[in-house]
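Positions are given from 1 along the sequence.
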Amino acid sequence: MKIKVINPNTTASMTQLVAMAAQSVAGTGVQIQAAQPGDGPVSIEGFYDEAMATVGLLEEVRKGEAEGVDGYVIACFGDPGLDAAREIAKGPVVGIAEAAMRTASYLATGFSVVTTLTRTVIIAEHLVDKYGVRSHCRKVRACDIAVLELDNPLSNAYATILDECKTALIQDGSAAIVLGCAGMTDLCNRLSEDLGVPVIDGVTSAVLMVESLVRLGLSTSKKGDYALPLPKPYTGKLCHLAPQAKPS
Ligand code: 2AL
């Protein structure tokens with residue numbers, strides 16, 4: 001089984017981090033292919049970044065389809081392009097926010113999301129509603145660390161995130177923490193040990209969710225909303241991405 005994990009930002013070190021996390025949980029016989037777009041933002045920290053990252057992300061899904069990929073993970077906590085990716089993929093596509101929030105809801109009646117910058121809180125809040133987990137999500141919190149600062153030792157990221165998680169457990173009455181960025185994946189086990197509650201990382205959760213769906217023989221429904229995009233010409237710079245008619 002081939003699972004393609006797409007980091008929708010263009011930072012190669014983050015793709016590597018995500019690839020290592022994915023490989024650490026993938027089952028026997030699962031091949032993890034990690035990728036990032038060639039063009040786009042180095043990190044995704046707002047609606048504009050998300051919109052700009054989506055074209056490159058979808059190009060990676062198109063390549064995956066040509067290579068026989070069985071399922072995809074979108075490794076950014078805003079789950080950018082998730083619905084569009086499902087339109088063009090045969091296999092399942094799972095976003096890390098979706099996987100993490102749904103996983104957390106199995107483990108606690110209340111969880112808090114701890115994400116990067118305050119301006120990304122609204123993106124996660126929208127996803128809480130989209131995924132129907134409002135009754136489980138007590139609060140979305142930011143620790144005001146930029147995505148690319150997460151792996152800068154001088155940013156003191158671990159201590160800041162740990163503090164925010166502790167505050168969440170006390171002030172929000174939460175019993176689990178959802179990590180709100182793919183770049184936090186390597187902190188998950190340490191945070192879980194230090195906090196004594198389940199800490200859920202979307203990258204590993206999404207990889208195992210895709211693996212389960214593929215093993216169950218389930219794929220994206222092509223009836224209705226996730227049907228292949230309607231064939232039509234696209235103009236200008238995006239003309240090569242125009243949806244083609246299905247071979248009959
Ligand atoms: C993210 C993420 O997971 N990757 C990225 O570039 N931005 N999300 C976030 N909330 O900062």
Side-chain angles (χ1 to χ4, degrees), residues 5-24 34-54 56-57 73-81 95-97 99-101 104 111-128 139-169 171-172 174 176-195 199-207:
V5 181
I6 306 170
N7 166 25
N9 75 42
T10 59
T11 298
S13 57
M14 213 165 134
T15 308
Q16 261 174 355
L17 186 80
V18 159
M20 273 167 50
Q23 258 141 16
S24 76
Q36 83 226 2
D39 304 307
V42 294
S43 63
I44 299 166
E45 298 173 319
F47 298 117
Y48 185 81
D49 290 343
E50 278 202 345
M52 289 296 161
T54 301
L57 165 90
V73 169
I74 298 182
C76 172
F77 203 78
D79 293 353
I96 66 168
M101 291 186 201
F111 64 80
S112 296
V113 176
V114 174
T115 188
T116 52
L117 300 182
T118 300
R119 68 175 298 161
T120 67
V121 166
I122 188 64
I123 294 176
E125 289 282 2
H126 287 168
L127 295 180
V128 168
K139 196 171 170 77
V140 179
R141 294 175 162 271
C143 45
D144 284 317
I145 301 170
V147 172
L148 298 185
E149 285 296 298
L150 286 169
D151 73 346
N152 173 2
L154 299 177
S155 74
N156 212 18
Y158 185 79
T160 308
I161 294 166
L162 181 63
D163 271 358
E164 197 61 39
C165 292
K166 285 181 178 165
T167 307
L169 297 180
Q171 289 187 4
D172 311 342
S174 289
I177 300 289
V178 165
L179 297 180
C181 180
M184 295 178 180
T185 184
D186 57 331
L187 310 180
C188 184
N189 293 343
R190 192 173 158 201
L191 283 169
S192 194
E193 270 170 35
D194 286 349
L195 293 165
V199 176
I200 298 100
D201 158 49
V203 176
T204 46
S205 305
V207 167

> Does the side chain to side chain contact (heavy atoms under 4.5 Å, CB included) test come out yes or no for Phe77 and Thr116, once each step is laid out?
Replying inline: CA-CA 10 Å; Phe77 203 78; Thr116 52; over 6 Å; no
> Do the side chain of Asp201 and the main chain of Ala182 share a donor and acceptor less than 3.5 angstrom apart?
Replying inline: no
> Looking at CD1 of Ile200 and OG of Ser192, how far apart are the two atoms once the value is rounded to the nearest 0.5 Å?
Replying inline: 8.0 Å
>> If you apply the rule side chain to side chain contact (heavy atoms under 4.5 Å, CB included), what do you find for Val147 with Met14, and how did you get there?
In response: CA-CA 10 Å; Val147 172; Met14 213 165 134; 3.7 Å; yes
> Are any non-hydrogen side-chain atoms of Leu191 and Val114 less than 4.5 angstrom apart?
Replying inline: no
>> Could you check whether any side-chain N or O of Thr120 sits under 3.5 Å from a backbone N or O of Glu45, counting only pairs where one atom can act as donor and the other as acceptor?
In response: no
> Counting only heavy atoms not in Asn189, do more than 12 sit closer than 6.0 Å to its CG atom?
Replying inline: no
> Where is the tightest heavy-atom contact between Phe47 and His126, given as atom of each residue plus distance?
Replying inline: CZ-CE1, 4.0 Å
> Sub-3.5 Å donor-acceptor pair from the side chain of Ser155 to the main-chain atoms of Glu149, do we have one?
Replying inline: yes
> Hey, are the side chains of Asp144 and Thr118 touching, using non-hydrogen atoms and a 4.5 Å cut-off?
Replying inline: yes
> Which heavy atom in Val140 sits nearest to a heavy atom in Val128, and how many Å separate them?
Replying inline: CG2-CG2, 4.3 Å
> What distance do Asp39 atom CG and Met52 atom CE have between them, rounded to the nearest 0.5 Å?
Replying inline: 11.5 Å
> What pairs with Ala34 under side chain to side chain contact (heavy atoms under 4.5 Å, CB included), at least two apart in sequence or on another chain?
Replying inline: Thr15, Ala19
> Any idea which heavy atoms bring Ile96 and Val73 closest together, and the distance?
Replying inline: CG2-CG1, 3.9 Å
> With distance as the sole criterion, is a donor-acceptor pair present between the side chains of Asn9 and Ser43 under 3.5 Å?
Replying inline: no
> Pick one: which of Asp172, Ile161, Leu169 meets side-chain contact (heavy atoms from CB on, under 4.5 Å) with Ile177?
Replying inline: Leu169
> Roughly how far apart are Ile145 CD1 and Leu150 CG, rounded to 0.5 Å?
Replying inline: 6.0 Å
> Can you tell me how far the CG atom of Asp186 sits from the CG atom of Asp151, to the nearest 0.5 Å?
Replying inline: 8.0 Å
> Looking at Gly202 and Ala99, what are the two nearest heavy atoms and their distance?
Replying inline: O-CB, 4.2 Å
> Rounded to the nearest 0.5 Å, how far does OG1 of Thr204 lie from CE of Met20?
Replying inline: 13.0 Å
> How many angstroms lie between OG1 in Thr115 and CD1 in Ile122, if you round to the nearest 0.5 Å?
Replying inline: 12.5 Å
> Where do Val113 and Gly180 come nearest, in terms of heavy atoms and distance?
Replying inline: CG1-CA, 4.1 Å
> Can you tell if the side chain of Pro80 reaches within under 4.5 Å of the side chain of Ile74, non-hydrogen atoms only?
Replying inline: yes
> Which atoms form the tightest heavy-atom contact between Gly78 and Ile123, and what is the distance?
Replying inline: CA-CG2, 3.7 Å
